[in-house]
Amino acid sequence: MDIGSSRVLVTGLGVTGRAVVAALRGRTKAVVTLDASAADADHREASTVPFDEVDLVVTSPGWRPTEPALAEAAARGIPVWSEVELAWHLRVPTAATGEPAPWLALTGTNGKTTTVEMLASILTADGRRAAAVGNVGRPLVEAVLDPDLEVLAVELSSFQLHFTHSMSALVGAVLNVAPDHLDWHGTFDEYAAAKGRVFARAQVACVYNTVDPLTEGLVRDADVVEGALAVGFTLGAPGRSQLGVVEGVLVDRAFHAAPDDPSRYGTAAELGTLDDLVHLAGPDGRVPSHVVADALAAAALARGYGVGASAVRDGLRAFAPGGHRIETVATVGGVTFVDDSKATNAHAAGASLGAFAEGSVVWIAGGLVKGATFDELVAARADRLRAAVLIGVDRAGLRAALDRHAPDIPVVEIDPGDTGTVMRRAVDQATVLARPGDTVLLAPACASMDQFRSYAERGDSFAQEARRVAETSSHGG
């Protein structure tokens, strides 16, 4: 499609939509916008859009395929693109090479942001002008127009990938796939298929999780550039074409030698040690297994780009995680308060709970369910729980799972009626239930938008209330 002669409809005027409009300005024939909640949108309802004057729709991630405007476009045969697809078409040559910056693209149900930021840290340690973009940080459609960026570490959501059709990442990775966003995709198979799009047309390698067979299946099904490798990562000793861990050492047996080197199957490259990740340890002093997995995935993506082993080590040492990811925010009376508000689904909450000792967690959970179920999570992690405090407007699924699989665990439900005080009441209840040596853990397993604007606001609220409890205790109140 010739974007320059196209009339483009942009649906959604959030951060993504506004970045798309800015990127298209002067690069296309006409741009009109649609958003019911934006006062400056050209159209507030799909019914007023003159679709016979639209050649292309670029949609924001939150818009489902069933939205009236997108359904109308599909019925008329008008292409619907994500911001990612548009970005792929708008790429400009870099100052360093004269070619567009290659993409190291990753997706997964959990661990995306940690991994993409680790990757950016590794690339920076290698002396590359790089940025973490896409579903985190700078909008992708803006980053591809920056000629100073040599390589892009791209985090992609299933929403973004659903409407992405021609991206060809240098290296693609799927970290894991567990049920999430089923209200958006309709079925788990559709959700998984969207994740698998990150592998389509991969040029050098497809990186998958050896303990998640679904990710390997997505590699097998992918139509890739001839010669692209399938590269696994594992927490155990790696086999051929894998990265893994041997006696505390992070090891590469995929990119350590040239493909035609006869010694490659008997050798490996040392990328660092678990000690290089010690600054990411949880409250118990151990580096959680999912953090090690994220580091291996980031290393695989970087190594596929040609980064040296020492830069992997240096980048992992330098990596500092963002907030709301297993972050200790207060300690009082021997009780530790930990914010993992970014654990917005059952898979992430399970990983978070698994980082703590048996019977030591007062779990604050709940929020916007997104079509998820919780039986598998609670059955697997019930042994970690001291008690549970449920927030959110839809607590029934979590409560039922706790009743079935942890019937002896005390459960307190917080009335959602006063949204402004919900976290204060939850933290107060959790403080009463906790004993010295316990952890009050916010790992909601749900999205935040029922009572908070974002997972960050939810985490900030938790941290504020935890610190209030600590301050009150220190004053004897």
Would you please say whether a donor-acceptor pair under 3.5 Å links the side chains of T210 and E216?
no
Interatomic spacing from OH in Y455 to NZ in K342 - rounded to 0.5 Å:
4.5 Å
What I'd like to find out is whether the side chain of P102 reaches to under 4.5 Å of the side chain of V151, using heavy atoms alone.
yes
Could you check whether D2 and S5, counting side-chain N and O atoms only, form a donor-acceptor pair closer than 3.5 Å?
yes
Answer yes or no: does atom CD of E270 have more than 12 heavy-atom neighbours from other residues, nucleotides or ligands under 6.0 Å?
no
With the side chain counted from C-beta on, respond yes when P416 and Q451 share a heavy-atom pair under 4.5 Å apart, and no when they do not.
yes
Side chains of L229 and S241 in contact at under 4.5 Å (non-hydrogen atoms)
no
Just by modelled atom types, is the T94 backbone N or O under 3.5 Å from a matching donor or acceptor in the T97 side chain?
no
Provide the closest heavy-atom pair for S168 versus R201 in the form atom of the first, atom of the second, distance.
OG-O, 2.6 Å
Applying side-chain hydrogen bond (donor to acceptor under 3.5 Å, both in side chains), can you list everything that pairs with E155, at least two apart in sequence or on another chain?
T113, N135
Is a side-chain N or O of S60 found less than 3.5 angstrom from the main chain of G62, in a donor-acceptor match?
no
Closest non-hydrogen atom pair, C446 against L398:
SG-CD1, 4.4 Å
Derivation of the side-chain contact (heavy atoms from CB on, under 4.5 Å) call for V57 and R76:
CA-CA 12 Å; V57 176; R76 290 172 175 258; over 6 Å; no
So does L13 get a backbone contact from the side chain of R18, meaning a donor-acceptor N/O pair under 3.5 Å?
yes
Is S121 reaching over with its side chain to a backbone N or O of L316, donor-acceptor style, under 3.5 angstrom?
no
Looking at R138 and D146, is there a salt bridge between them, counting it only when a charged N and a carboxylate O are closer than 4.0 Å?
yes
For a quick check under 3.5 Å, do S82 and T164 share a side-chain donor-acceptor pair by atom type?
yes
How about L152 and R91: do any of their side-chain heavy atoms sit closer than 4.5 Å?
no
Under a 3.5 Å distance rule, please check whether R424 uses its side chain to pair with a backbone N or O of E465 as donor and acceptor.
no
Hey, is the main chain of S166 close enough, under 3.5 Å, to the side chain of E85 for a donor-acceptor pair?
yes
Step by step, work out the side-chain contact (heavy atoms from CB on, under 4.5 Å) result for L250 and V245.
CA-CA 5 Å; L250 308 185; V245 183; 3.8 Å; yes
Tell me which pairs pass ring-ring contact (aromatic ring centres under 6.0 Å, His included) where either residue lies in residues 94-135, with sequence neighbours left out.
W88-W103
Gap between atom CZ of R317 and atom CD1 of I122 - 0.5 Å precision
12.5 Å
What distance separates S352 OG from R325 CZ, expressed to the nearest 0.5 Å?
12.5 Å
Do other residues, nucleotides or ligands put more than 12 heavy atoms under 6.0 Å from D223 CG?
no
From T107 OG1 over to Q160 CD, what is the distance, rounded to the nearest 0.5 angstrom?
8.5 Å
Under 6.0 Å from the CZ atom of R129, do we count more than 12 heavy atoms belonging to anything else shown?
no
Answer yes or no: is there a donor N or O on one side and an acceptor on the other, between the side chain of E83 and the main chain of L140, under 3.5 Å?
yes
From D294 atom CG to M118 atom CE, the distance as rounded to the nearest 0.5 Å
5.5 Å
Any idea which heavy atoms bring G127 and E150 closest together, and the distance?
O-OE2, 4.1 Å
Quick one: pull up OG1 in T115 and NE2 in H290 and give me the separation to the nearest 0.5 Å.
9.5 Å
If we only count heavy atoms from C-beta on, is the F452 to S461 side-chain gap below 4.5 Å?
yes
T124 side chain to A120 main-chain N or O, any donor-acceptor pair under 3.5 Å?
yes
Do Y305 and L170 pass the side-chain contact (heavy atoms from CB on, under 4.5 Å) test, and can you show the C-alpha distance, the side-chain angles, and the key distance before you say yes or no?
CA-CA 7 Å; Y305 176 60; L170 190 74; 3.6 Å; yes
Taking all heavy atoms of P444 and all of D340, pick out the closest pair and write down the distance.
CD-O, 3.6 Å
List the atom of V141, the atom of A23, and the distance in Å for their closest heavy-atom pair.
CG2-CB, 3.7 Å
Between the main-chain N or O of H347 and the side-chain N or O of N345, is there a donor-acceptor pair closer than 3.5 Å?
yes
Where do A205 and F255 come nearest, in terms of heavy atoms and distance?
CB-CZ, 3.9 Å
H89: partners by ring-ring contact (aromatic ring centres under 6.0 Å, His included), with sequence neighbours left out:
W81
L271 and R303: side-chain contact (heavy atoms from CB on, under 4.5 Å), yes or no, with the steps?
CA-CA 10 Å; L271 305 177; R303 295 283 281 169; 3.7 Å; yes
Are any side-chain N or O atoms of T28 and backbone N or O atoms of I3, one a donor and one an acceptor, separated by less than 3.5 Å?
yes
Close side-chain approach of T114 to P321, heavy-atom, < 4.5 Å
no
T11-T59 side chain donor-acceptor pair, cut-off 3.5 Å:
yes
With a 4.5 Å limit on heavy-atom distance, are the side chains of F163 and P65 in contact?
yes
Are any of the side-chain heavy atoms of V20 and V8 separated by less than 4.5 Å?
no
